[in-house]
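What follows is a short report on a single structure.
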Amino acid sequence: ADGPAGEARFYHPRGVAVHGDHAYAVDTYNFAVRKVALATGHVTTVARTATAMHRVTVSLSGSAVFASVAHGVVRVGLSDGLTYLLAGSNISQTGFGDGSPLE
């Protein structure tokens, strides 16, 4: 749940990135990326996905970029609140190799 530091709830948080005045964390089993205001501790959800995400970083523009190790995808959550597939596919497969962004 979003809210003040004492009320917000995470379910298996992983991967944290700091950008400016905020920390971003993957809330793995809530299928979300959460933003924490460092000054106040207030938590807000910035992106939701259909699969568990594991790692997060933040672009120079402030967009959260997150990855699912198990599903082989990289997604980006933009300020419009939508989540976009950046690389990989929605097909659960593993492997090592190069290819186009959607392979």
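Along the sequence shown, the residues carry numbers beginning at 1.
Residues Phe10 and Val43 come closest through the heavy atom pair CZ-CG1, 3.9 Å. Closest approach of Ala8 and Gly3 over heavy atoms only: CB-O, 3.9 Å. Across all non-hydrogen atoms, the minimal contact from Val16 to Ala25 is CG2-CB, 4.2 Å. Annotation for His42 and Pro4: closest pair ND1-N, 3.6 Å, computed over non-hydrogen atoms.
No path of Ile, Leu, Val, Met, Phe, Trp and Tyr side chains, each step under 4.5 Å between heavy atoms, connects Val36 with Val46, placing them in separate hydrophobic clusters.
Residue pairs meeting the salt bridge (charged side-chain N to carboxylate O under 4.0 Å, His left out) criterion with at least one member in residues 22-46, sequence neighbours excluded, are Asp2-Arg34, Asp27-Arg34.
In this structure, Leu38 and Val18 have side chains that are in contact, with non-hydrogen atoms separated by less than 4.5 Å.
Residue Val26 forms a side-chain contact (heavy atoms from CB on, under 4.5 Å) with just one option from Met53, His12, His54, and that option is Met53.
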